[in-house]
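This report concerns only the one structure given below.
Along the sequence shown, the residues carry numbers beginning at 1. These values consider heavy atoms only, across backbone and side chains, with no hydrogens, waters or symmetry-generated copies. This one's a predicted model, so the numbers in the text were calculated from it and none came from an experiment.
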Amino acid sequence: MSDLRAVVEQCVERQRRYRQPGQRLNEQNTKAALIDPVIRALGWDLFDTDEVHREYKRSGHENPVDYALLLLRTPRLFIEAKGLGENLDDPRWANQTIGYATMAGVEWVALTNGAEWRVYNAHAPVPIEDKLFRSVRLEDDIDAALELLCLLSKENMGDNRIEELWKSYFVDRQVHAKLTDLFAGSDPAPGLVDLLDSRMPRLSREEIRQSLVRARATFDFPTSVAVAVQAQAPASPPQAHEAPVQRLTSEPAPPPVYQSPPTRSSKRGSPVTPDERRLKLVDLLAAGRLRPGTTLFGRYLGEQHTAELLADGRVRYRENVHNSPSRAGEAVKIAIHGRDITDTRKATDGFDFWQAQDAVAGDVVKLKEIRRRVASGR
């Protein structure tokens with residue numbers, strides 16, 4: 001692996017230069033100047049397509065991902081690149097890339113504009129905003145950037161160290177939220193008061209409760225392990241590479257983590273209720289279960305096909321816009337079989353044909369299942 005610290009510092013210097021008046025860096029130049037050097041420094045061979053596959057797509061009908069990093073010719077990490085200065089807060093970028101990764105069976109996704117890197121767990125059973133594992137701006141904290149980027153190295157992806165850290169992070173985040181709840185507000189959790197009351201007989205229950213109201217609890221959780229950073233910066237003192245500690249306080253409390261139940265897609269043959277039949281894509285959009293610009297995925301004859309959900313509930317497949325998911329599904333079959341396809345073969349239940357990410361539950365399921373959830377109020 002190359003000297004990652006030197007590469008990151010060089011990228012920071014380039015960012016500052018490119019931000020000067022009259023300078024602009026588009027996506028392709030951002031890749032060449034700010035992203036390719038980092039991937040190379042992480043031990044990936046940019047010139048071996050069995051290891052770094054640019055413009056990767058699983059089938060000819062999908063939109064490509066900028067980079068797929070592969071081990072044993074199997075994608076382990078998708079990287080979606082944007083031009084320097086592009087706002088990564090736009091939910092379209094994460095939604096789109098995580099959707100592709102989910103359908104491809106790829107767990108880890110990185111989104112970057114060269115200045116900032118965001119790493120997501122695409123398979124986490126939580127809403128999409130909670131799939132974010134870590135994010136870092138290179139110029140804000142080079143040490144934190146090294147720590148996160150090292151997890152994406154060829155060696156560490158092979159050892160799956162990021163998965164180990166994610167599990168700890170995922171549990172710690174939920175435990176922290178519950179601990180914070182115990183101390184939050186002017187009415188501490190009765191169970192906590194009971195526990196202290198049983199162990200402090202000289203204090204009254206009310207005295208304990210009032211003390212907890214005044215308390216400002218602080219909980220320390222390690223955010224991650226600084227993997228291989230020491231090897232990247234041998235001149236730094238050893239204590240600089242100890243696992244950093246994130247001080248989590250009860251003010252302000254982090255948002256609670258929603259744990260979605262296990263996905264149960266609609267079973268083939270399950271009856272569709274009248275309430276479900278009345279719901280259209282525009283109703284699922286209005287309910288917040290789908291978002292404009294969401295990618296729809298459909299598998300037909302062993303190939304994956306994608307379409308785009310528009311804000312008015314119509315569906316764009318290739319260059320044409322269709323008034324319903326069923327029409328878009330039929331268009332897929334026409335594209336494969338030609339216009340002489342029989343009506344029987346062309347007929348398509350679009351809600352059963354297409355899958356999408358449920359914007360609330362975070363999982364990728366059939367539109368039929370999302371419609372069922374909306375109709376049942378789940």
Side-chain angles (χ1 to χ4, degrees), residues 1-2 4 7-8 10-11 14-15 18 25-88 90 92-123 128 131-138 145-146 148-163 166 227 295 297 304 306:
M1 189 184 297
S2 305
L4 181 60
V7 169
V8 169
Q10 184 182 54
C11 287
R14 287 176 178 170
Q15 292 168 36
Y18 294 141
L25 213 60
N26 61 22
E27 181 178 315
Q28 293 305 316
N29 285 327
T30 297
K31 292 178 186 178
L34 302 177
I35 300 175
D36 282 3
V38 171
I39 295 174
R40 186 186 306 112
L42 292 174
W44 300 94
D45 188 346
L46 287 171
F47 303 103
D48 185 350
T49 56
D50 285 341
E51 200 165 293
V52 179
H53 193 133
R54 301 172 190 267
E55 300 297 307
Y56 176 87
K57 44 185 172 179
R58 295 177 65 223
S59 71
H61 301 296
E62 294 180 354
N63 291 326
V65 177
D66 289 303
Y67 303 87
L69 305 189
L70 303 92
L71 292 173
L72 300 177
R73 299 181 180 175
T74 301
R76 293 295 304 277
L77 171 70
F78 281 170
I79 300 178
E80 183 68 15
K82 300 299 171 186
L84 181 65
E86 190 80 44
N87 183 8
L88 298 186
D90 189 327
R92 290 179 300 169
W93 312 139
N95 287 344
Q96 175 179 288
T97 311
I98 289 173
Y100 292 159
T102 301
M103 296 305 298
V106 177
E107 185 171 10
W108 294 102
V109 169
L111 178 64
T112 180
N113 58 9
E116 180 180 359
W117 286 73
R118 300 184 181 187
V119 177
Y120 298 83
N121 185 330
H123 291 182
I128 196 164
K131 293 178 183 288
L132 179 64
F133 173 45
R134 293 281 302 277
S135 66
V136 66
R137 291 181 58 82
L138 303 189
L146 293 174
L148 177 59
L149 291 172
C150 276
L151 294 175
L152 308 182
S153 73
K154 179 181 177 182
E155 178 182 0
N156 287 329
M157 290 299 293
D159 292 341
N160 211 21
R161 295 187 184 181
I162 191 171
E163 174 66 20
W166 165 264
V227 182
T295 299
F297 303 91
Q304 189 71 38
T306 59

| said: Once rounded to the nearest 0.5 Å, what's the spacing between atom CG of Asn26 and atom NZ of Lys82? | reply: 12.5 Å
| task | Answer yes or no: is there a donor N or O on one side and an acceptor on the other, between the side chain of Arg76 and the main chain of Met157, under 3.5 Å? | result | yes
| Nearest-0.5 Å distance, CG of residue Leu111 to CG of residue Asp90 | 9.5 Å
| field | Close aromatic pair by centroid cut-off 6.0 Å: Phe133 and Tyr120 | value | no
| Is there a donor-acceptor pair closer than 3.5 Å between any side-chain N or O of Thr30 and the backbone N or O of Leu84? | yes
| field | Expected output: side-chain Asp50 to main-chain Arg73 donor-acceptor under 3.5 Å | value | no
| request: Any chance you could measure Leu25, atom CG, to Glu86, atom CD, to the nearest 0.5 Å? | output: 12.0 Å
| request: Mind checking the NE2-CG spacing from His53 to Asp48? Nearest 0.5 Å is all I need. | output: 11.5 Å
| task | May I ask you to decide if the ring planes of Phe78 and Tyr56 are parallel, tilted or perpendicular, using 30° and 60° as cut-offs? | result | tilted
| field | Nearest non-hydrogen partners of Ser135 and Arg118, listed with the distance | value | CB-CG, 3.7 Å
| Test side-chain hydrogen bond (donor to acceptor under 3.5 Å, both in side chains) applied to Thr112 - qualifying residues, sequence neighbours left out | Trp117
| query | Is a donor on one side and an acceptor on the other found under 3.5 Å between the side chain of Trp44 and the backbone of Leu152? | reply | yes
| field | salt_bridge(Glu55, Lys57) N-O dist < 4.0 Å | value | no
| Within the distance-only criterion (no hydrogens, no angle test), does the side chain of Arg40 pair as donor or acceptor with the backbone N or O of Asp45 below 3.5 angstrom? | no
| Lys31 and Asp36 ion-paired at < 4.0 Å | no
| With no hydrogens and no angle check, is any side-chain donor or acceptor of Arg14 less than 3.5 Å from a backbone partner on Ala33? | yes
| note | Ile79 and Ile39 have their tightest heavy-atom pair at CD1-CD1, 3.9 Å
| task | Search all heavy atoms of Ala110 against all heavy atoms of Leu77 and return the closest pair with its distance. | result | N-CD1, 4.0 Å
| message | Please evaluate residues Leu42 and Leu4 with respect to the criterion side-chain contact (heavy atoms from CB on, under 4.5 Å), reporting the C-alpha separation (whole Å), side-chain torsions for both, the decisive distance (0.1 Å), and the verdict. | response | CA-CA 7 Å; Leu42 292 174; Leu4 181 60; 3.8 Å; yes
| Is there a side-chain contact between Leu138 and Glu116, using heavy atoms and a 4.5 Å cut-off? | no
| query | Is there a side-chain contact between Leu149 and Val38 (heavy atoms, below 4.5 Å)? | reply | yes
| query | Is there a donor-acceptor pair under 3.5 Å between the side chain of Asn121 and the backbone N or O of Lys131? | reply | no
| task | Search all heavy atoms of Tyr100 against all heavy atoms of Thr295 and return the closest pair with its distance. | result | CE2-CG2, 3.9 Å
| said: Closer than 3.5 angstrom, by distance alone: can the side chain of Gln15 be matched with the main-chain N or O of Gly114 as a donor-acceptor pair? | reply: yes
| query | Any donor and acceptor pair, going by atom type alone, linking the side chain of Thr97 with main-chain N or O of Ala94 inside 3.5 Å? | reply | no
| message | For the OG1 atom of Thr306 and the CD atom of Gln304, what is their distance to the nearest 0.5 Å? | response | 8.0 Å
| field | Reported SG-to-CD1 distance for the pair Cys150 and Ile162, which is rounded to 0.5 angstrom | value | 11.5 Å
| said: Salt bridge check, Glu51 against Lys154: does any charged N sit closer than 4.0 Å to a carboxylate O? | reply: yes
| request: List the atom of Ala122, the atom of Val109, and the distance in Å for their closest heavy-atom pair. | output: CB-CG2, 4.3 Å
| remark: What one should report as the nearest heavy-atom pair of Ala81 and Tyr67 is CB-CE1, 4.3 Å
